[in-house]
Amino acid sequence: MTEQGETAGKRRRRAWGVTAAVVLVLAGVAGVALRSPSPVGHWNSRSGRDAFLADYERAWQAMPRPDETLDVRTDFGFVRVYRFEGAPNARSQHPFVLLPGRSSPSPVWADNMPSLLQLGDVYALDLLGEPGLSVQEAPIEDFADNAAWLDQTLAALPAEKFHLLGLSIGGWTATNAATHFPGRVASLVLIDPARTFAGIPVGTALRAIPASVPWLPKAWRDSFTSYTAGGAPVEDEPLARMIETAMSAYTITLPQPELIPEQDLAALEMPVLAVLAGESVMHDTATAAQVAERTLRRGTVVVYPGASHAVGSEQAEAIATEIGAFLDAQR
């Protein structure tokens, strides 16, 4: 591939990752005006669901073949889990559990999988109550419920402890679970986690308003996505298409995440690796880094200058190296 082609590919991946992440902002802005009477997340139409499934399958082609596919029963519904065996003699004693961003199910990890599998076994799951192949059957009414379904999922997997690796709202989900049910959590790896160490800036929320209504022109959402990606072009690639379909075809009915209290962060006893993007629009990075460094008992904070909120895909191999060093330091 030419240098120009590689650059274009990186910019596309940057846009994909940011598209996944900024749905959190869009959902928050639109939540009041677009309330649904249904107590659980649901597809708005059969045609929308069918379109999403086709896009999910297309995006999945970039993922490695899973060694096992599970639908884990919890009190709140079925959680779709994919198991991938890591490389022989991998460094991690415990498996990784990957928690993606809002409206961005498992295929969002495609860029990260090769390097993560060199570190250990991996479980990738679709968040319950989000568009994906998990099926919510009962209301998730509060943050304890949000933690409970994940803990019940981990309890059904054949390991005693796990490294929870969360991207954006997945980072919040991992941290929330660890504050309620720490027993199965060996460590937390948080990739530019939203609403975990700092809140979403007002400017980002205001820019999201025109893009928050699914039936408004697609160009409005594309413009906002490009802004969050530092001006990167938004093209109709499979992952971006899957996420856009998810945004318009599925109604999320979950408690809106709130900033994790500092006393809860300070109470975490497991090691925590926080990877922050220097140019993230999802929080003030300097503030987030200060809070993480001040509150985490066993925290390691890494900032990637110049990286956008899509740092997970922008710096996939570098982050895997950070994780490996983090794990080695815990031995």
Side-chain angles (χ1 to χ4, degrees), residues 1 3-23 55-66 82-87 90 92 96-127 132 163-171 174 189-194 225-226 228-230 232-244 246 273 275-280 282 302 304 306-324 326:
M1 180 182 291
E3 182 177 350
Q4 182 178 4
E6 287 184 293
T7 300
K10 289 179 181 178
R11 288 174 69 81
R12 283 197 298 271
R13 288 195 295 274
R14 183 180 185 183
W16 302 344
V18 173
T19 299
V22 301
V23 176
D55 290 342
Y56 186 105
E57 183 177 356
R58 190 176 298 110
W60 186 264
Q61 300 308 308
M63 291 282 283
R65 182 186 296 274
Y82 302 99
R83 182 180 67 84
F84 303 86
E85 291 186 7
S92 176
F96 294 92
V97 173
L98 308 188
L99 306 173
R102 174 143 288 180
S103 291
S104 53
S106 296
V108 77
W109 295 105
D111 284 345
N112 303 91
M113 290 299 295
S115 51
L116 289 177
L117 288 172
Q118 293 302 310
L119 297 176
D121 294 346
V122 171
Y123 291 94
L125 58 82
D126 292 350
L127 298 181
H163 301 296
L164 300 188
L165 196 165
L167 169 67
S168 187
I169 194 59
V189 179
L190 312 175
I191 302 179
D192 213 46
T225 300
S226 181
T228 59
V234 179
E235 302 179 25
D236 189 24
E237 296 291 340
L239 188 56
R241 180 173 174 177
M242 176 192 71
I243 294 167
E244 289 177 356
L273 172 62
V275 177
L276 304 177
E279 300 300 323
S280 176
M282 298 299 285
V302 179
Y304 281 76
S308 79
H309 187 57
V311 63
S313 55
E314 290 174 359
Q315 301 287 343
E317 293 185 7
I319 289 175
T321 300
E322 298 279 5
I323 296 172
F326 170 72

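Side-chain atoms are counted along with the backbone in the values below, which use heavy atoms only and exclude waters and symmetry mates. In this chain, numbering begins with 1 at the start of the sequence shown.
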Answer yes if the ring centres of Trp109 and Phe84 are under 6.0 angstrom apart, and no otherwise.
no

Inter-residue atom distance [X].[atom1] - [Y].[atom2], 0.5 Å rounding:
X	Y	atom1	atom2	answer
Met63	Leu239	CE	CG	10.0 Å
Glu317	Gln118	CD	CD	10.0 Å
Gln315	Thr321	CD	OG1	10.5 Å
Ser92	Phe326	OG	CZ	10.5 Å

Over all heavy atoms of both residues, which pair between [X] and [Y] is shortest? Give the atoms and the distance, please.
X	Y	result
Gly171	Pro193	CA-CB, 4.0 Å
Leu127	Gly101	CD1-O, 4.3 Å
Ser308	Glu314	OG-OE2, 2.6 Å
Ala277	Ala307	CB-O, 3.4 Å
Gly312	Asn112	O-ND2, 2.8 Å
Asp192	Leu276	OD1-CA, 3.6 Å

Hey, is the main chain of [Y] close enough, under 3.5 Å, to the side chain of [X] for a donor-acceptor pair?
X	Y	result
Asp111	Ala316	no
Asp126	Ser106	yes
Glu322	Ala318	no
Ser168	Gly170	no

His163 and Val97: side-chain contact (heavy atoms from CB on, under 4.5 Å), yes or no, with the steps?
CA-CA 6 Å; His163 301 296; Val97 173; over 6 Å; no

What's the verdict on side-chain contact (heavy atoms from CB on, under 4.5 Å) for Val311 and Ile191, showing C-alpha distance, side-chain angles and the deciding distance?
CA-CA 8 Å; Val311 63; Ile191 302 179; 3.8 Å; yes

Find out whether Ile323 and Leu165 are in side-chain contact, i.e. whether some heavy atom of one side chain is under 4.5 Å from a heavy atom of the other.
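Contact flag for Ile323/Leu165 side chains = yes.
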
Between Arg83 and Pro66, is there a side-chain heavy-atom distance shorter than 4.5 Å?
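A side-chain contact under 4.5 Å is absent here.
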
Kindly determine whether Leu116 and Leu98 satisfy side-chain contact (heavy atoms from CB on, under 4.5 Å), including the steps that lead there.
CA-CA 10 Å; Leu116 289 177; Leu98 308 188; 4.0 Å; yes

Testing Trp60, Tyr123, Phe96 one by one against Tyr82 for a ring-ring contact (aromatic ring centres under 6.0 Å, His included), which residue passes?
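Of the listed residues Trp60, Tyr123, Phe96, the ring-ring contact (aromatic ring centres under 6.0 Å, His included) partner of Tyr82 is Trp60.
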
For Leu190 and Leu273, run side-chain contact (heavy atoms from CB on, under 4.5 Å): C-alpha distance rounded to whole Å, both residues' side-chain angles, the deciding distance at 0.1 Å, then the answer.
CA-CA 6 Å; Leu190 312 175; Leu273 172 62; over 6 Å; no

